[in-house]
Amino acid sequence: MEESGEDHDDGSVARVAAIDIAKASGMVCLRIPHDTVEGRRVQQVWTVASTTNAILELGDRLVCQGVQRVVMEATGSYWRPFFYLLEARGLECWLVNARDVKNVPGRPKTDKLDAVWLAKLAERGMVRASFVPPKPVRQLRDLTRTRTVFIQERTRHKHRVDKALQDAQIKLSDVVSDLFGLSGRAMLDALVAGERNPRALADLAKGRLVKKKPALAEALTGQFEDHHGRLLSVLLGTVDHLTAQVRELDRLIADIMEQSTAPHDGAGTGPPHTDDTGTSSAHDGVTARELAERLDTVPGIGPATAQIVLAGIGLDMSCFPTPEHLVSWAKLCPRTIQSGAKNTAGPAGKGNPWLKGALGEAANAAARTDTFLGARYRRIVKRRGHAKALVAVARSILVIAWHLINDPDARYQELGADWHQRHLNPARKTRDLVRQLQALGHQVTLAPTAVA
């Protein structure tokens with residue numbers, strides 16, 4: 001018999017409220033103990049509008065009833081007003097995954113029954129709270145995600161520019177690697193301004209493109225009409241507008257990164273930092289900007305990726321007691337499936353798409369470097385393939401990020417691309433090489449080298 005090391009607290013709550021949230025209203029179920037009859041529960045169900053005043057009145061009512069926990073299902077973005085306003089009222093709010101609280105099949109599906117079912121699950125401790133970061137991190141999330149969307153939209157408009165040029169038989173992208181570089185943008189502006197002479201356009205080349213003027217003149221010879229010029233003007237204006245918006249978002253992100261610091265309660269599990277005077281200074285003095293600079297030292301992570309990682313996992317690692325908890329939450333490890341004597345690994349899951357997307361880009365960049373992470377990718381890709389090797393590197397990057405955020409004294413130290421070679425087991429390596437030679441039909445006899 002195997003004993004569990006978990007706490008014996010079953011997580012049950014005596015006074016609980018659950019909210020089934022829609023766009024314009026929420027169905028509230030309140031379950032509290034009976035005043036006189038022991039073991040009996042009193043249940044109340046009513047509808048609350050999703051306006052600010054109605055939610056504040058709900059918060060006052062729940063506080064008067066002594067509610068210990070308010071549980072709500074994540075429904076789009078409609079849960080945010082209920083969660084934020086009730087949390088500000090002093091109530092403990094839990095956001096739960098809809099997958100974990102699905103109603104029992106075969107029962108009627110109504111908002112009232114869903115709220116009652118959610119309340120019963122909550123009072124018995126059968127739900128888990130989702131990670132909801134504090135307000136500064138939520139603001140950082142909004143800014144970084146908006147910037148990502150704007151960058152993606154700008155890229156789509158750049159592709160539309162190339163399609164418009166292709167429609168006019170302008171093959172500029174075949175010669176110029178970046179249409180929006182210094183030379184490419186000058187030629188695009190000249191086309192919009194009315195210049196149609198291919199040689200005059202080719203003379204706008206700068207730098208290395210000067211040697212390609214004949215090829216540029218040939219590529220710029222086409223059937224570019226006024227219609228293409230008007231279309232190109234609109235597309236270039238949109239690209240410039242999005243570029244300006246991205247710069248403004250960069251400024252806002254930098255400001256909030258400078259103002260946000262780690263929690264003041266020293267919730268991190270890393271050792272406390274001690275300065276030169278011997279006075280213990282907590283991890284809470286570290287700003288988000290300083291944490292981003294630490295993450296920037298990891299191969300594959302740039303300033304923008306570091307900001308997205310901090311926005312995704314927050315500045316306080318007490319929510320994730322170990323790196324394994326964080327990796328499991330981010331869905332960067334395979335799911336274990338055990339049935340009898342059979343153990344298999346299931347799919348990792350979706351996870352946070354913003355965080356996984358940024359870590360995937362970082363892993364792809366680190367895989368091309370001559371570093372420990374690059375060597376890890378090359379070792380795994382040979383037997384597991386490109387996709388799984390990238391996931392493994394992304395997991396390693398997230399583990400590194402956990403330590404850099406959790407420990408105020410931690411700094412990234414490159415182990416080197418030859419780290420695995422330096423830590424190989426000589427006996428195991430010898431055995432593997434001998435087996436390979438024997439498989440090729442050779443008889444191997446080993447003799448120790450003479451020691452001088």
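No hydrogens, no waters, no symmetry mates; every other heavy atom, side chains included, goes into these values. Fair warning: this is a prediction, and the values are worked out from it, not measured in the lab.
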[X] side chain to [Y] backbone, donor-acceptor under 3.5 Å:
{"X": "Arg289", "Y": "Met257", "answer": "no"}
{"X": "Ser339", "Y": "Lys342", "answer": "no"}
{"X": "Ser328", "Y": "Glu324", "answer": "no"}
{"X": "Arg138", "Y": "Pro133", "answer": "yes"}

Is a donor from one side chain sitting under 3.5 angstrom from an acceptor on the other, for [X] and [Y]?
{"X": "Arg15", "Y": "Gln68", "value": "no"}
{"X": "Arg376", "Y": "Ser396", "value": "yes"}
{"X": "Glu92", "Y": "Trp94", "value": "yes"}

Do [X] and [Y] have side chains that get closer than 4.5 Å, going by heavy atoms?
{"X": "Leu118", "Y": "Val96", "answer": "yes"}
{"X": "Asp162", "Y": "Leu172", "answer": "no"}
{"X": "Asp20", "Y": "Val28", "answer": "no"}
{"X": "Lys135", "Y": "Val137", "answer": "no"}
{"X": "Ile405", "Y": "Asp316", "answer": "no"}

Of the non-hydrogen atoms in [X] and [Y], which two are nearest, and what is the gap between them?
{"X": "Lys388", "Y": "Arg384", "value": "NZ-NH2, 3.3 Å"}
{"X": "Thr47", "Y": "Ser25", "value": "CG2-CB, 3.9 Å"}
{"X": "Ala367", "Y": "Leu390", "value": "CB-CD2, 4.4 Å"}
{"X": "Arg147", "Y": "Val246", "value": "CG-CG1, 4.2 Å"}
{"X": "Tyr78", "Y": "Pro81", "value": "O-CD, 3.3 Å"}
{"X": "Ala362", "Y": "Thr305", "value": "CB-CG2, 4.2 Å"}

### Task
Could you go through the side chain to side chain contact (heavy atoms under 4.5 Å, CB included) check for Met27 and Ile21 one step at a time?
CA-CA 6 Å; Met27 186 68 68; Ile21 301 173; over 6 Å; no
### Task
Look at the rings of Trp419 and His423 and say which category their plane angle falls in: under 30° parallel, 30 to 60° tilted, over 60° perpendicular.
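Ring orientation, 0 to 90° scale: parallel.
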Does anything in [range] pair up under salt bridge (charged side-chain N to carboxylate O under 4.0 Å, His left out), and if so which pairs, sequence neighbours excluded?
{"range": "residues 47-68", "value": "Asp60-Arg89"}
{"range": "residues 173-192", "value": "Arg185-Asp189, Arg185-Asp240"}
{"range": "residues 73-82", "value": "none"}

Once ring pair (Phe, Tyr, Trp, His ring centres under 6.0 Å) is applied, do any residues pair with [X], and if so which ones, sequence neighbours excluded?
{"X": "Tyr377", "value": "His386"}
{"X": "Phe150", "value": "none"}
{"X": "Phe180", "value": "none"}

For [X], check side chain to side chain donor-acceptor pair (under 3.5 Å) against everything at least two apart and list the hits.
{"X": "Thr243", "result": "Arg154"}
{"X": "Arg208", "result": "none"}
{"X": "Lys171", "result": "Gln166"}
{"X": "Arg247", "result": "none"}

### With sequence neighbours excluded, residues passing side chain to side chain contact (heavy atoms under 4.5 Å, CB included) with Leu85
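Partners of Leu85 by the side chain to side chain contact (heavy atoms under 4.5 Å, CB included) criterion, ordered by chain and then number, come out as Thr52, Ile55, Leu56.
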### Message
Holding to side chain to side chain contact (heavy atoms under 4.5 Å, CB included), I want the full list of residues that pass it with Leu355, two or more places apart in sequence or in another chain.
### Response
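Side chain to side chain contact (heavy atoms under 4.5 Å, CB included) check on Leu355 returns Val309, Ile313, Trp329, Ala330, Asn352, Leu359.
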#### Entry: Side-chain ion pair, Arg230 and Asp226, N-O less than 4.0 Å
no
### Query
Centroid-to-centroid, His420 to Phe372, below 6.0 Å?
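Aromatic pair counts; centres sit under 6.0 Å.
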### Task
May I ask you to check whether over 12 heavy atoms, not counting those of Arg251, lie within 6.0 Å of atom CZ?
yes
